[in-house]
Amino acid sequence: MTLPRLSQSPRDAAFVQDPYPFYDRARAAGPLFQWEEYGHACSADHGTVSALLRDRRFGRENPFPPDIPEHLEPFYRIERVSMLEREPPVHTRLRGLVLRAFTSRRVAAMEADVKDLCHSLIDRFDGPEIDLMPAYAERIPVVVICRLLGVPEEMSDDLLAWSHDMVAMYQARRDRGVEDRAIAATLAFRAFIEDYIAARRRAPRDDLLSDLIAARDGGEKLSDDELVATIILLLNAGHEATVHGIGNGVKACLESGADLHKLAIAPGLVEEVLRHTPPLHMFTRFAREDMDVAGHRFKTGDVVGLMLAAANRDPATFAEPERFNPARDARAQVSFGAGLHFCVGAPLARLEMAQALPILFARYPTLAFAEPPRFADRYHFHGLEALRLRLE
């Protein structure tokens with residue numbers, strides 16, 4: 001079957017600000033369509049996206065990995081051993097080792113710390129207006145990961161800069177300048193982490209980094225490259241998602257016109273934010289074998305784009321999907337993925353958002369936009385350039 005072909009530049013200004021009209025067209029085209037600008041099949045409906053996230057015939061490893069240009073080798077040296085990019089049995093070993101250190105009990109124990117951090121950041125708000133992104137949304141996840149890993153919080157600005165530069169490699173606006181900045185960040189981040197790994201090996205502490213070093217699975221441990229890749233993944237993936245989860249969530253809440261007092265105590269607030277305005281809009285998979293899906297023939301190595309944000313607005317799964325409604329049951333949202341590669345940091349991201357949003361609304365129940373917020377040109381991510389608010 002020939003797939004319907006749709007054209008939409010991911011850098012088009014109107015699309016950057018509101019991609020959902022295109023997602024509606026894509027969903028109406030059928031379970032799969034060809035996105036011409038990307039040159040591969042994509043899915044925008046909830047049923048197909050959810051099924052393919054769990055379909056083990058698709059994976060993150062490219063069966064035919066391309067040659068890597070020499071100038072990008074430092075970045076892909078980390079990428080190759082990252083848990084996010086591997087499949088079983090390697091993925092099983094890596095994820096098991098990480099979960100032995102990054103336990104639900106360790107995450108739950110951070111709740112009081114996250115709550116105190118949110119209040120302390122709000123206490124520093126200065127003036128009648130602020131940009132919430134650097135003052136609040138960006139600080140929470142990077143400080144939390146510093147405390148978890150046991151690295152100095154004064155390094156948070158460097159970690160933020162490295163994270164931004166490395167994550168830009170996955171965005172539609174990638175060019176040689178983006179690549180050069182990503183390589184510089186990779187080298188600096190790697191050197192920093194290697195120094196801390198060496199220090200923790202000499203003198204372990206009660207922190208996540210020490211536990212990752214000590215974690216064993218049948219006598220196996222994380223290699224040095226795997227340790228570096230895991231720590232970078234925890235920062236980059238977790239940080240970017242939570243920053244934009246908070247920023248997008250505040251924007252959605254203010255635009256809804258709902259009483260912020262009520263939103264502060266709405267039990268479904270975080271899940272609805274993740275459904276309605278997720279930070280990550282598309283995640284790709286490679287076909288691991290020749291197969292037929294929804295009438296389309298995939299060959300080994302073919303790419304499929306799973307459009308998470310489009311799936312979250314599928315009216316077949318969510319009534320009135322364009323309406324922001326924290327009273328709905330949004331647990332079927334797929335913003336953290338599903339199946340084997342379900343986001344290992346999801347519990348921490350949920351915890352941070354579950355504290356950051358209600359505390360902000362309780363402290364400032366009459367928040368208002370100081371200027372219209374705009375999304376940044378960095379698809380597949382969907383996050384704000386700035387979020388200037390009046391502290392009424």
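Below, each value reflects all heavy atoms present in this structure, side chains not excepted, and no hydrogens, waters or symmetry copies.
- Applying the side chain to side chain donor-acceptor pair (under 3.5 Å) test to every pair with at least one member in residues 253-270, sequence neighbours left out, gives these pairs: Lys251-Glu255.
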side-chain contact (heavy atoms from CB on, under 4.5 Å) between Phe58 and Asp302: does it pass, once the steps are laid out?
-> CA-CA 9 Å; Phe58 291 90; Asp302 283 353; over 6 Å; no
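- Here the side chains of Ile197 and Ile213 are in contact, with some heavy-atom distance below 4.5 Å.
- A side-chain donor-acceptor contact under 3.5 Å links Glu37 to the backbone of Gln8.
- The structure places OG of Ser156 at 10.5 Å from CG of Leu235, a figure rounded to the nearest 0.5 Å.
- By the rule that hydrophobic residues join a cluster once side-chain heavy atoms approach within less than 4.5 Å of another member, Val16 and Leu387 end up as members of one cluster.
- Ion pairing of Glu36 with Arg5 is present here, as a side-chain N (NZ or NE/NH1/NH2) and a carboxylate O approach within less than 4.0 Å.
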Mind running side-chain contact (heavy atoms from CB on, under 4.5 Å) on Thr186 and Trp162 for me, showing each step along the way?
-> CA-CA 7 Å; Thr186 300; Trp162 296 336; over 6 Å; no
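- Between Tyr38 and His40, the ring planes are tilted. Angles from 30° to 60° get that label.
- Leu52 and Phe33 sit in two unconnected hydrophobic clusters of ILVMFWY residues. Membership requires side-chain heavy atoms under 4.5 Å apart, directly or through other members.
- A continuous path of hydrophobic side-chain contacts links Val334 to Val344 [ILVMFWY only; heavy atoms under 4.5 Å].
- Of the residues listed (Arg285, Arg54, Glu85, Glu87), the one engaging His341 in a side chain to side chain donor-acceptor pair (under 3.5 Å) is Glu87, and it is the only one.
- To the nearest 0.5 Å, atoms OH (Tyr364) and CG (Leu391) are separated by 5.0 Å.
- Counting only heavy atoms from C-beta outward, the side chains of Met169 and Tyr76 approach each other to under 4.5 Å.
- The line from CD1 of Ile68 to CD of Glu73 is 7.0 Å long, rounded to the nearest 0.5 Å.
- With Arg200 contributing its side chain and Gly150 its backbone, the two residues share a donor-acceptor pair below 3.5 Å.
- Between Phe125 and Tyr136, the ring planes lie perpendicular to each other; the angle is over 60°, past the 30° to 60° tilted range.
- Interatomic distance, Thr277 OG1 to Asn312 CG, rounded to the nearest 0.5 Å: 10.0 Å.
- At a threshold of 4.5 Å between side-chain heavy atoms, the hydrophobic network of Ile, Leu, Val, Met, Phe, Trp and Tyr places Leu97 and Ile232 in one connected group.
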Determine, step by step, whether Arg147 and Asp207 satisfy the salt bridge (charged side-chain N to carboxylate O under 4.0 Å, His left out) criterion, reporting the C-alpha distance in whole Å, the side-chain angles of both residues, the deciding distance to 0.1 Å, and the verdict.
-> CA-CA 8 Å; Arg147 292 177 181 177; Asp207 56 38; over 6 Å; no
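- With contacts defined as side-chain heavy-atom distances shorter than 4.5 Å, the pair Asp290/Arg297 qualifies.
- Around CZ of Arg56, the count of heavy atoms belonging to other residues, nucleotides or ligands within 6.0 Å exceeds 12.
- Arg100 places a side-chain N or O within donor-acceptor distance of the main-chain N or O of Gly96, the cut-off being under 3.5 Å.
- Heavy-atom minimum distance, Pro278 versus Ala309: CG-CB, 3.6 Å.
- Side-chain contact check for Arg313 versus Arg27: some heavy-atom pair is nearer than 4.5 Å.
- What you find for His276 and Ala252 is that their closest heavy atoms are ND1-CB, 4.2 Å.
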Please assess Met353 against Leu274 for the test side-chain contact (heavy atoms from CB on, under 4.5 Å), listing each intermediate value before the final yes or no.
-> CA-CA 10 Å; Met353 292 175 65; Leu274 290 168; 4.0 Å; yes
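- Every pair passing side chain to side chain donor-acceptor pair (under 3.5 Å) that includes a residue from residues 9-21 is listed here, sequence neighbours excluded: Arg11-Asp377.
- Arg139 contributes atom CZ, which lies 7.5 Å from atom CG of Leu121 (distance to the nearest 0.5 angstrom).
- Classification of the Phe342-Phe336 ring pair by plane angle, with boundaries at 30° and 60°, yields perpendicular.
- Around CZ of Arg205, the count of heavy atoms belonging to other residues, nucleotides or ligands within 6.0 Å does not exceed 12.
- Side-chain atoms of Phe369 and Arg388, non-hydrogen and from C-beta on, never get closer than 4.5 Å to each other.
- Residues Ser335 and Leu308 come closest through the heavy atom pair O-CD1, 4.0 Å.
- Using a 30° and 60° split on the angle between ring planes, Trp35 and Phe15 fall in the perpendicular class, above 60°.
- Heavy atoms from other residues, nucleotides or ligands lying under 6.0 Å from CZ of Arg374 number 12 at most.
- Using a 4.5 Å cut-off on side-chain heavy atoms (C-beta onward), Phe286 and Arg60 make no contact.
- Ala264 approaches Phe361 most closely through the heavy-atom pair CB-CB, 4.0 Å.
- For the residue pair Thr48 / Asp45, a side-chain donor-acceptor distance below 3.5 Å is found, with atom types taken as modelled.
- Side-chain contact between Leu280 and His382: absent, with no pair of heavy atoms (C-beta onward) separated by less than 4.5 Å.
- Checked against the 6.0 Å centroid threshold, His281 and His380 do not count as a close aromatic pair.
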Going through the distances and angles, do Val250 and Leu389 end up as a side-chain contact (heavy atoms from CB on, under 4.5 Å)?
-> CA-CA 10 Å; Val250 172; Leu389 302 175; 4.1 Å; yes
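- In terms of hydrophobic clustering, with Ile, Leu, Val, Met, Phe, Trp and Tyr side chains grouped at heavy-atom distances under 4.5 Å, Leu159 and Ile140 are assigned to a common cluster.
- Each of Glu226, Glu61, Glu79 was evaluated against Arg86; a single residue qualifies, Glu61, per the salt bridge (charged side-chain N to carboxylate O under 4.0 Å, His left out) test.
- One distance of note links CG of Leu209 with OH of Tyr196; it measures 9.5 Å at 0.5 Å rounding.
- For the pair Pro326 and Leu263, the minimum side-chain heavy-atom distance is below 4.5 Å.
- A donor-acceptor contact shorter than 3.5 Å is absent between the side chain of Thr317 and the backbone of His46.
- Ion pairing of Arg190 with Asp225 is present here, as a side-chain N (NZ or NE/NH1/NH2) and a carboxylate O approach within less than 4.0 Å.
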Assess whether salt bridge (charged side-chain N to carboxylate O under 4.0 Å, His left out) is satisfied between Asp314 and Arg275, documenting all intermediate values.
-> CA-CA 10 Å; Asp314 188 342; Arg275 182 201 70 83; over 6 Å; no
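- Ala330 approaches Glu272 most closely through the heavy-atom pair CB-OE1, 3.7 Å.
- Here Arg328 does not pair with Glu271 in a salt bridge; the nearest charged N to carboxylate O distance is not below 4.0 Å.
- Taking each heavy atom of Gly345 and Phe102 in turn, the nearest pair found is CA-CE2, 3.9 Å.
- Enclosure of atom CG in Asp175 by more than 12 non-hydrogen atoms of other residues, nucleotides or ligands within 6.0 angstrom is indicated.
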